[in-house]
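This report concerns only the one structure given below.
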Amino acid sequence: MYPILSKNKATSIRQLALKKYRLERAAFVLEGKKGVQALLASDYVIKCIVGTPDFFSGNPDMVTTFRRETEVFETNTALLSGLGSFVHNHEVLAVAAIPLPTAPCLAPKGITLALDGMQDPGNLGTMIRIADWYGITTILCAQTTAELYNPKVLQASMGSFVKVNLHYVNLPRYLQGVQLPILGAMLEGKSVHDFLFPDRGILVIGNESHGIQPAVQATLTEAVAIPRYGHANSLNAATAAAILCDNWKRIGGM
């Protein structure tokens, strides 16, 4: 049905597992049916799609959404599994263009997330998924934050990365120029149970090990905390963000 994937093309796709090649070619790989479906429904430019014959024959409705400018190739299951980072991908993958960066657009109502050096790719992907769940469309990322197009980030986001805009900025400098309430998640902050959230503002989540850096702390208008009732030393950063977003949505009403 489609041309067989060449060795040269396969090598080019494999190289995109490395950040160096993603940056050089401004392209990334997305694996799995659900991810490719999300990509097809987005504004991302899709360079090529690679799938098995069984995938193409078993998903005719999805195939009809392929764009004319997108190259489509067939390959076998074993080769497809070796093209990306996840050996369990036995159906399809896509190569898409990394869009040019744009200026942040802060939410007119509700929450804008800011991540101060979140370095774990799985955490970042989960954070994107949480943002999408709560209708948050903008995330500000310190430049030390994990790369959006890391395969582990994309996998953990479960397709939500196409609906949430990430902007990598000099976070302390950017926040200094913002005329909005800026809330930081900190152990010594006010209890989230007693805090009156504003109808609009920025929520800062710190680095998994070191929390919020002093330069960003200096921009905060308030610090908020999740009360601890047990003996754990800390909460996972993404878990903490979900709890704070839920309380903000419930109390802030947005």
Side-chain angles (χ1 to χ4, degrees), residues 38 104-142 144-146 148 150 152-169 171-172 174-175 178-213 216-217 219-230 232-254:
C105 182
L106 302 185
K109 293 183 179 180
I111 310 167
T112 295
L113 273 177
L115 307 181
D116 188 14
M118 182 168 288
Q119 295 179 335
D120 181 86
N123 267 349
L124 178 57
T126 302
M127 192 72 72
I128 294 168
R129 194 175 175 188
I130 289 166
D132 189 21
W133 181 266
Y134 285 103
I136 299 167
T137 57
T138 298
I139 299 179
L140 305 170
C141 297
T144 52
T145 301
L148 170 59
N150 179 304
K152 292 181 180 178
V153 175
L154 298 176
Q155 185 76 3
S157 83
M158 297 293 288
S160 286
F161 79 96
V162 304
K163 302 171 188 175
V164 180
N165 299 309
L166 270 67
H167 303 275
Y168 290 79
V169 298
L171 194 58
Y174 185 89
L175 293 178
V178 172
Q179 302 300 313
L180 285 174
I182 303 173
L183 312 183
M186 300 180 67
L187 289 174
E188 61 272 23
K190 296 180 181 178
S191 170
V192 69
H193 296 162
D194 305 317
F195 191 80
L196 184 60
F197 286 92
D199 62 0
R200 185 186 184 209
I202 296 173
L203 175 61
V204 182
I205 305 295
N207 172 272
E208 293 92 342
S209 300
H210 307 295
I212 300 173
Q213 61 176 304
V216 172
Q217 288 185 35
T219 69
L220 301 180
T221 51
E222 296 278 3
V224 291
I226 300 164
R228 176 174 55 186
Y229 299 101
N233 290 327
S234 63
L235 278 176
N236 172 274
T239 301
I243 294 169
L244 291 168
C245 287
D246 194 76
N247 276 274
W248 193 328
K249 288 288 187 180
R250 180 175 57 86
I251 297 169
M254 302 303 295

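All heavy atoms count here, side chains included; hydrogens, waters and symmetry mates do not. On a predicted model such as this, the values are computed, not experimentally measured, just so you know. Counting from 1, the numbers follow the sequence of the chain as shown.
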With sequence neighbours left out, the residues meeting side chain to side chain contact (heavy atoms under 4.5 Å, CB included) with Ser234 are none
Using side-chain hydrogen bond (donor to acceptor under 3.5 Å, both in side chains) as the criterion, list what pairs up with Gln217, not counting sequence neighbours. none
What is the distance from atom CG of Leu115 to atom OG1 of Thr145, rounded to the nearest 0.5 Å? 5.5 Å
Across all chains, not counting sequence neighbours, the side-chain hydrogen bond (donor to acceptor under 3.5 Å, both in side chains) partners of Gln119 are none
Minimum heavy-atom distance Ala185-Leu244, with the two atoms named: CB-CD1, 3.5 Å
So which atom in Leu124 and which in Ala146 form the shortest heavy-atom distance, rounded to 0.1 Å? CD2-O, 3.2 Å
Look up atom CZ in Arg129 and atom OH in Tyr134, then write down how far apart they are to the nearest 0.5 Å. 12.5 Å
Any chance you could lay out the side-chain contact (heavy atoms from CB on, under 4.5 Å) test for Val178 and Thr219, step after step, and finish with the verdict? CA-CA 9 Å; Val178 172; Thr219 69; over 6 Å; no
Quick check: closest heavy atoms across Val169 and Tyr174, and the distance to 0.1 Å? CG2-CB, 4.1 Å
Please list, chain by chain and in numerical order, all residues satisfying side chain to side chain contact (heavy atoms under 4.5 Å, CB included) with Pro108, sequence neighbours excluded. none
Check: Asn236 and Glu208 side chains under 4.5 Å, non-hydrogen atoms: no
Taking side chain as C-beta onward, heavy atoms only, is Val204 less than 4.5 Å from Leu183? no
Which pair of non-hydrogen atoms, one from Gly189 and one from Ala225, has the smallest distance, and what is that distance? O-CB, 3.6 Å
Does the side chain of Val192 reach to within under 4.5 Å of the side chain of Trp248, using non-hydrogen atoms? no
So, for Gly206 and Ala237, which heavy atoms are closest and what is the spacing to 0.1 Å? O-CB, 4.5 Å
To the nearest 0.5 Å, what is the distance between CG (Leu220) and CG (Leu175)? 8.0 Å
Neighbour count above 12 (heavy atom, 6.0 Å) for Leu180 CG: yes
Who are the side chain to side chain contact (heavy atoms under 4.5 Å, CB included) partners of Ile243, not counting sequence neighbours? Ile226, Leu235, Thr239, Asn247
Please round to the nearest 0.5 Å and tell me the distance separating atom CG of Leu154 and atom CG of Leu148. 6.0 Å
Sequence neighbours excluded, which residues qualify as side-chain hydrogen bond (donor to acceptor under 3.5 Å, both in side chains) partners of Asp116? Gln213
Residues forming a salt bridge (Lys or Arg N to Asp or Glu O under 4.0 Å) with Glu222, sequence neighbours excluded: Lys190
Do Met127 and Ile205 have side-chain heavy atoms sitting under 4.5 Å apart? yes
Distance (rounded to the nearest 0.5 Å) between Ile128 CD1 and Leu113 CG: 10.5 Å
Considering all heavy atoms of both residues, which atom of Thr144 and which atom of Gly117 are nearest to each other, and what is their separation? OG1-CA, 3.3 Å
Quick note, side-chain hydrogen bond (donor to acceptor under 3.5 Å, both in side chains) partners involving residues 156-168, not counting sequence neighbours, are Asp132-Ser160
Those residues at least two apart in sequence (or on a different chain) that pass side chain to side chain contact (heavy atoms under 4.5 Å, CB included) with Thr112 are Leu106, Ala107, Thr138, Leu140, Ile202
Calculate, to the nearest 0.5 Å, the distance between atoms SG and CG belonging to Cys245 and Leu203 respectively. 5.5 Å
